[in-house]
Structure formats: C-alpha cells, structure tokens
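Just below is one structure, and these are the notes that go with it.
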Amino acid sequence: MVAEGKRWRFAMVCSSNMNRSMEAHSQLGRAGLDVESYGTGTHVKLPGPSLHEPNVYDFGTPYGAIYDDLRRKDPDLYKRNGLLPMLKRNTSVKLAPQRWQDNAGDGVFDMIMTFEERVFDLVVEDMSNREPRLMKCVLIINMDVKDNHEEAGVGAKLAVELCQKLEAIDGDWEDIIDDLITAFEKQHKRRLAYSISFY
C-alpha cells in the first residue's frame, strides 16, 4: 500500500541492465517518476562479433568504459548493431549497470517491473529469500519485451503508462490491481504477470 499523495518508487529490471531496463529508466525519469534500474544476470553480456563471442563485463563496469572498449574493438560493427548509441544513452542515465541481487542497500521499492519471465522469476525468488522486516508490500509485474532497441522503446512507453496509472491510484492499489492489469492487457494486447512480495 502506498499512502495517499505519496510518490511511488519504481525499479526496472532486465538481464544485463543495458537495454530494456535502461530505456524504461530513461523514459520514466523523463516523465518525472522516481526510478532505478537493475539486471539479474551474473555478468553483463552484450553481442560480440559472433554468437559464440559475446562481450562480457562485470556489473559495476561504467557504461563509458564499455563504450570505449567496444569502440576500440570494432567501431563500425558496434555502431551498426546499435550498441554504441545505446551505451551513449545509458551514460546519460547513470554511471554503471547494477545487479538486482546486490541492491538491498538501495532501499524499498513500491513496484518492480521486469521485461522477461526468467528475470521476473529471479526477482520473485530473490524477494522471497529476503527476510521481511518492514512488512511492506511490493508489487512485481512482468511484461515480456523482446531484447532489441525497437521493442525496448515500445516496452518503455508502456512501462511509463502503467507506472503513471499506479501512481494515480487513490487509496489501496491491492483493491483494484486485478482490474487495472486486465484493462491494461486488453488495451495494449500484452500479457502481464504479477506477484506481491514484502520488504
């Protein structure tokens, strides 16, 4: 439950905190919403010269350093496949990719949004492994979004709309969440899954 008039705190989560969660972070931020973003993977993985040669980085490696590394390796390839423009956008949003499982010190979120089922499952599992101390509800919603630049843009616009609808709720969101999700699914022809966890 979010107190009346209180701003919601949102977390956007994908696998590497590079594309889908960062596009959503960027758009929610521009819309004036309180947002952070994360990835759930063990490492940050980006496409490489072939399927078997991804570029792998540790979480916490600054976006600017990854940009410089890829530009040094093959500027044409990484400009063409959109990685360099994506990383440039990311540097304007925050310093480095962050891992969801290491974020306990970042405080409490009202809603966590994921962009693929596997990530949703990892966030739900992580929250259930944390010992609830505050008994504060957190809403976890998944909306599957393909991991490409175009779909990330579409998914981010929908994320902004959904977050604005949640923040505009007068009273307890628990009472109307089913209806809100059903209406959103019908309007946008997207399936959403959700779970409730506790801090």
Side-chain angles (χ1 to χ4, degrees), residues 2 7-31 33-47 54-67 83 86-134 136-149 151-153 155-160 162-163 166-167 192-199:
V2 180
R7 301 221 29 226
W8 282 54
R9 236 183 132 222
F10 299 101
M12 302 291 114
V13 188
C14 66
S15 187
S16 287
N17 197 200
M18 276 288 161
N19 184 30
R20 296 165 293 179
S21 62
M22 283 300 286
E23 180 62 31
H25 187 158
S26 175
Q27 290 198 30
L28 263 76
R30 285 201 307 271
L33 297 166
D34 184 0
V35 62
E36 299 293 338
S37 62
Y38 303 91
T40 56
T42 36
H43 292 93
V44 173
K45 281 188 187 168
L46 293 171
N55 290 287
V56 180
Y57 302 93
D58 290 329
F59 278 95
T61 305
Y63 293 115
I66 298 171
Y67 178 92
L83 289 185
M86 177 188 77
L87 286 159
K88 210 167 191 72
R89 176 213 52 215
N90 293 356
T91 60
S92 72
V93 175
K94 65 180 192 177
L95 176 67
Q98 295 168 273
R99 190 162 183 261
W100 169 261
Q101 293 89 331
D102 304 329
N103 86 338
D106 288 356
V108 172
F109 292 98
D110 299 296
M111 190 270 249
I112 303 160
M113 186 157 193
T114 64
F115 297 98
E116 72 180 87
E117 192 177 348
R118 186 173 53 89
V119 172
F120 175 75
D121 292 342
L122 286 166
V123 169
V124 169
E125 181 187 338
D126 178 68
M127 288 302 297
S128 68
N129 289 335
R130 297 183 189 192
E131 194 178 319
R133 292 202 167 97
L134 307 173
K136 183 194 178 311
C137 259
V138 56
L139 178 62
I140 308 168
I141 296 178
N142 183 67
M143 175 175 61
D144 281 332
V145 173
K146 279 194 185 127
D147 194 4
N148 63 48
H149 303 298
E151 279 296 305
K157 281 188 181 71
L158 293 174
V160 169
L162 184 59
C163 292
L166 287 166
E167 200 167 70
L192 301 183
Y194 81 90
S195 178
I196 294 170
S197 195
F198 293 90
Y199 277 102

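Counting begins at 1 with the first residue of the sequence. Heavy-atom basis, side chains included; hydrogens, waters and symmetry copies ignored. Quantities reported herein were computed from a predicted structural model and do not represent experimental measurements.
- For Asn103, the side chain to side chain donor-acceptor pair (under 3.5 Å) partners two or more places apart in sequence, or in a different chain, are Arg130.
- Across Arg20 and Ser15, no two heavy atoms sit closer than the pair NH2-N, 4.0 Å.
- One finds the CG atom of Asn19 at 13.5 Å from the NZ atom of Lys146 (value rounded to the nearest 0.5 Å).
- For the atom pair OH of Tyr38 and CD1 of Ile112, the computed distance is 9.5 Å after rounding to the nearest 0.5 Å.
- Smallest separation of non-hydrogen atoms from Ala193 and Phe120: O-CE1, 4.1 Å.
- Side-chain contact between Leu158 and Val145 is absent, with no heavy-atom pair separated by less than 4.5 Å.
- Between the side chain of Gln98 and the main chain of Phe59, no donor-acceptor pair closer than 3.5 Å is present.
- Between the CG atom in Leu46 and the CE atom in Met18 there is a gap of 5.0 Å [rounded to 0.5 Å].
- Minimum interatomic distance between Asp34 and Arg7 (heavy atoms only, all atoms of both residues): N-NH2, 3.2 Å.
- When the shell of 6.0 Å around NZ of Lys94 is examined, it contains more than 12 heavy atoms from other residues, nucleotides or ligands.
- Between the Asn129 side chain and the Glu125 main chain, a donor and an acceptor come within less than 3.5 Å of each other.
- Ion pairing between Arg89 and Glu23 holds under the 4.0 Å rule for side-chain N and carboxylate O.
- One finds the CD1 atom of Ile196 at 6.0 Å from the CG atom of Leu139 (value rounded to the nearest 0.5 Å).
- Judged by distance alone, with hydrogens and angles left aside, the side-chain atoms of Asp144 form a donor-acceptor pair with the main-chain N or O of Glu117 at under 3.5 Å.
- Ring-plane geometry between Trp100 and Phe109 is classed as tilted, the angle between the planes lying from 30 to 60 degrees on a 0 to 90 degree scale.
- In this structure, Thr114 OG1 and Tyr194 OH are separated by 14.5 Å, a value rounded to the nearest 0.5 Å.
- Between Met143 and Ala159, the closest heavy-atom pair is CE-N, 4.2 Å.
- When all heavy atoms of Ala24 and Phe115 are compared, the pair lying nearest together is CB-CZ, 3.8 Å.
- Closest of all the heavy-atom pairs between Cys163 and Met12 is SG-CE, 4.0 Å.
- Here the CG atom belonging to Asn90 is positioned 4.0 Å from the CE atom belonging to Met22, to the nearest 0.5 angstrom.
- Under the 3.5 Å distance criterion, the side-chain polar atoms of Ser16 are matched with a main-chain donor or acceptor of Lys45.
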